[in-house]
Number of protein chains: 2
Amino acid sequence: MSIAVRSVSSAEPIALPPSLQPKLDDGLNALSAIGTVVRFGRNETIFSDGDDASYSYRLISGTVRLCKLMSDGRRQIAEFLGAGNFLGFEWLETHAFTAEALTDVVAVRYVRRHLDRLGDERGDVRRSLMAVLSHDLWAAQNHLVMLGRQSARERVVSFLLALAERSGTKDGGTIEVPMGRQDIADYLGLTIETVCRTISDLKRMRLIGVPNRTQISLTNLEKLREIAEGDL
Amino acid sequence: MSIAVRSVSSAEPIALPPSLQPKLDDGLNALSAIGTVVRFGRNETIFSDGDDASYSYRLISGTVRLCKLMSDGRRQIAEFLGAGNFLGFEWLETHAFTAEALTDVVAVRYVRRHLDRLGDERGDVRRSLMAVLSHDLWAAQNHLVMLGRQSARERVVSFLLALAERSGTKDGGTIEVPMGRQDIADYLGLTIETVCRTISDLKRMRLIGVPNRTQISLTNLEKLREIAEGDL
DNA sequence: CGTTGCTTTGATGCCCGTCAATGATTGTGG
DNA sequence: CCACAATCATTGACGGGCATCAAAGCAACG
C-alpha cells in the first residue's frame, strides 16, 4: 500500500484530443463543452469509496484501477480503465469504490450536476450515459463468471486476452501490461504468487513470451483461446 | 438442468399492486400506463443470453435468477430478483444473460421502445432508469468482492444476511430461501456440497436454525455479521 | 409406497493460499 | 558512476480449504 500524492489536479480549459472523438458517434462529444482537464500522478487517489459523487471523468491517457477494500485490508479490483473510458458515471449520491491512478493520468472532469442538466436537454447524451452504465454492468457480470467459475489458469489467460482485445493485438503481437502483478492478482481474485506461477507456466508452455515486466507477447493465440474457454 | 415450460405469458390490462408503488417516489409509476401483465411458470425461461432485448420487466411476485453459462456447462448466477425489482433494463441490443423463473412469477412487461420514448419525454423516468442501472452495477461490484476475496463461510453468511436485509428480518427471525442449494452454490461460486456443509456447520455452531429446505432462522445475527466481515 | 428430485454427509485429493527466501529492477544519495 | 535501499517479481516447500466422487437420507408426488 504505497502512497504518493502530488495532490495535483491542475485545471485547464478543454479540448479533447481528436483521437478520442471519433470513438463514439454519440452525444458524448457534447460534453466537451462543460469539462475541465485534470491530471493525477501515479498512485494518486482520484476519489474514494464513500466520497460524495460530485464529479465524473473521462480518461484521456493513463490507466485507472477501481478498488473495493474490505475492513481487514483484502482488496478486489473491479476494473481497469484506459483512455476513452468513463469513470464515476453511476447515478448514486456517493462513489461505491475507490479510483486510483495506476500510471500518470490525464482526464476530463465533469460536474455531475451539469451532466444531469445536459442529459435533460439532449436525448443523445442521455442515451450515451445509459450505454456507458450498461457497458459497465455487462463487464462486471462477465467478471463475475471469471471469479466464480474459472480456474486460476483460465482467469490469467482470459485477462491477457482481454488486454489483447482492448489494444487490438493480434497473434504473435505484444501487449502492454501497465498494472503490476499484485494488481492483476487483486483483479482476478488470486494471490500474486499464483499469478506469477501461472505466467511462468504459460511461458514454459511457449504460449506467451515475457520480455519484461510490462510486456507479454502472445505466441499462440489459438491455444490461449482454448484455455480461456476451458477446453484444456 | 430441469425444464418445465408452460409457455404461458398471459396478457392482462394492468394495475400495479399498491404495495409496490410506494417503494419508489420516482417516476417509474408513469410506466404503469404502458406495461402488460405476464406470467411465467417455475423454471420457465423469461429470456435468454443473446436474445434481442425487446422487452423489459418489473417483477410483481415470485423470484427470478439471472444466469451466465459457459460453453462447458459451468453456471454463474449474477443475481436473484424479487418483487419490485427490474429486469432487462440494460441499454444493449441483446440480453447479456438468461433470466429464469425460480418460482411462479408475475411481472409487468414493457416494450423497450416505449420505455425509450417515455425516457425522452420525462426527466423523472429517465433518472429512475439510470438509478436502476446504477443500483445493479453497485450490486454486481459487491458481488465481485464476495467471489474474489471471501471464504466459503463468509460467502454463505453474507448471502443469508443479504436475504435477511431484503426481507427486513431481524435477529431471531426466519428468512425465506426460495432458491435451491444448487442455485445458491452457483450464485456464490461454490459447489452444492460446500454450501450444504457450511450451512450444517453454522447450524452446529448454533448461529442459524434450519427448520426446512426453504427457511433458515437467524439465531445469532451479531456473530453472523462478524463472520461476514471476516472477524472470525 | 415406490419413484423422482433435492439435500446431506463422508472419503479423498488437488489446486491454490501461505510462508519464506532469492532474484531482478528501479530509484537515491554519496 | 557505484553502492545501497526499496520495491517488485519469481520460485520453492508445505498445508488447508474446497472440489470431486460416491452413497445415503429425505420430502413431494402420482
Side-chain angles (χ1 to χ4, degrees), chain A residues 1-4 6 41-43 65 70 72-76 102-104 146-157 159 177-204 208-216 227 230 232, chain B residues 1-4 42-43 65 70 72-76 102-104 146-157 159 177-204 208-216 227 230 232:
Chain A
M1 307 300 149
S2 53
I3 316 159
R6 305 186 208 165
R42 183 168 143 80
N43 285 328
R65 62 172 170 247
M70 295 179 59
D72 59 2
R74 280 177 283 181
R75 187 175 74 152
Q76 175 65 43
L102 201 122
T103 63
D104 285 353
M146 186 161 80
L147 298 189
R149 290 305 181 204
Q150 287 192 294
S151 70
R153 172 174 292 178
E154 287 168 349
R155 294 185 210 185
V156 171
V157 171
F159 178 70
V177 186
M179 60 292 287
R181 299 293 189 261
Q182 183 63 60
D183 285 331
I184 298 176
D186 286 344
Y187 179 79
L188 297 179
L190 300 170
T191 61
I192 187 175
E193 293 95 332
T194 298
V195 171
C196 279
R197 273 189 260 269
T198 304
I199 289 176
S200 296
D201 285 350
L202 295 172
K203 191 168 59 175
R204 238 171 274 121
I208 64 172
V210 187
N212 62 61
R213 272 164 200 196
T214 61
Q215 289 189 322
I216 291 184
I227 291 178
L232 246 175
Chain B
M1 307 301 144
S2 52
I3 316 159
R42 182 168 145 78
N43 285 328
R65 63 174 168 246
M70 295 180 60
D72 58 3
R74 281 177 283 180
R75 186 175 74 151
Q76 176 65 43
L102 200 126
T103 64
D104 284 355
M146 186 160 82
L147 297 189
R149 290 305 181 204
Q150 288 193 293
S151 69
R153 172 174 291 178
E154 287 168 350
R155 292 185 212 186
V156 171
V157 171
F159 178 70
V177 186
M179 58 293 287
R181 301 291 190 260
Q182 183 63 60
D183 285 330
I184 298 175
D186 287 342
Y187 179 79
L188 298 178
L190 300 171
T191 61
I192 187 174
E193 294 95 331
T194 298
V195 171
C196 278
R197 273 189 258 271
T198 304
I199 289 176
S200 297
D201 286 350
L202 296 171
K203 192 167 57 176
R204 240 172 272 121
I208 64 173
V210 187
N212 62 61
R213 266 158 207 202
T214 60
Q215 290 189 320
I216 290 184
I227 291 178
L232 244 173

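When reading the values below, keep in mind they use all heavy atoms of this one structure, side chains included, and skip hydrogens, waters and symmetry mates. Letters A, B, ... are given to chains in the order of the sequence lines, protein chains preceding strands, and every chain is numbered from 1.
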Take A:V177 and A:Q215, measure what side chain to side chain contact (heavy atoms under 4.5 Å, CB included) needs, and give me the verdict at the end.
CA-CA 6 Å; A:V177 186; A:Q215 289 189 322; over 6 Å; no

5' precedence on DNA chain D between A:R149 and A:V195 (nearest-nucleotide basis):
A:V195

So CD1 of A:I184 and CG of A:L190: to nearest 0.5 Å the spacing works out to 10.5 Å

Strictly below 4.0 Å: does B:R197 bring a side-chain N or O up to OP1 or OP2 of C:dT9?
no

Within-4.5 Å side-chain heavy-atom neighbours: B:R75 and B:D183
yes

Expressed in angstrom and rounded to an integer, what is the separation of B:L190 atom CG from C:dT7 atom P?
15 Å

From CG of A:N212 over to P of D:dA9, roughly how many Å is that when rounded to an integer?
11 Å

Quick one: label A:I199 by what it contacts on the DNA or RNA (base, sugar-phosphate, nothing), any heavy atom closer than 4.0 Å.
nothing

Does B:T194 place a side-chain N or O at less than 4.0 Å from the phosphate oxygens OP1/OP2 of D:dG17?
no

Specify the residue among A:P211 and A:S151 whose closest nucleotide of DNA chain C lies further upstream toward the 5′ end.
A:S151

Residue list, salt bridge (Lys or Arg N to Asp or Glu O under 4.0 Å) with B:R74, at least two apart or on another chain:
A:E154, B:D72

Is A:N43 close to A:R65 at the side-chain level, that is, under 4.5 Å between some pair of heavy atoms?
yes

Would you kindly give the CD1-to-C1' distance between B:I192 and C:dG10, to the nearest whole Å?
15 Å

Which of the following nucleotides, C:dT9, D:dT10, D:dA19, is nearest to the side chain of A:S200?
D:dT10

Quick note, A:R204 side chain, CB onward, closest among D:dA19, D:dT11, C:dT7 is D:dT11

Rounded to the nearest angstrom, tell me the gap between atom CE in A:M179 and atom P in D:dT7.
22 Å

Using a 4.0 Å heavy-atom cut-off to protein, can you give one letter per nucleotide of nucleotides 22-30 of chain D, 5' to 3': B if the base is in contact, S if only the sugar-phosphate is, - if neither?
---BBS---

Given atom CG of B:L188 and atom P of D:dC18, what is their separation to the nearest angstrom?
12 Å

Rounded distance (Å) that lies between atom C1' of D:dA9 and atom CG of A:L202
16 Å

Rounded to the nearest angstrom, tell me the gap between atom CD in A:Q182 and atom P in C:dG17.
11 Å

For A:V210 versus A:I208, what's the shortest heavy-atom pair and its separation?
CG2-CD1, 4.1 Å

Does the A:D186 side chain pair with the main chain of A:Q76, one donor and one acceptor, at a distance under 3.5 Å?
no

Integer-rounded Å distance: D:dA19 P and A:R153 CZ
19 Å

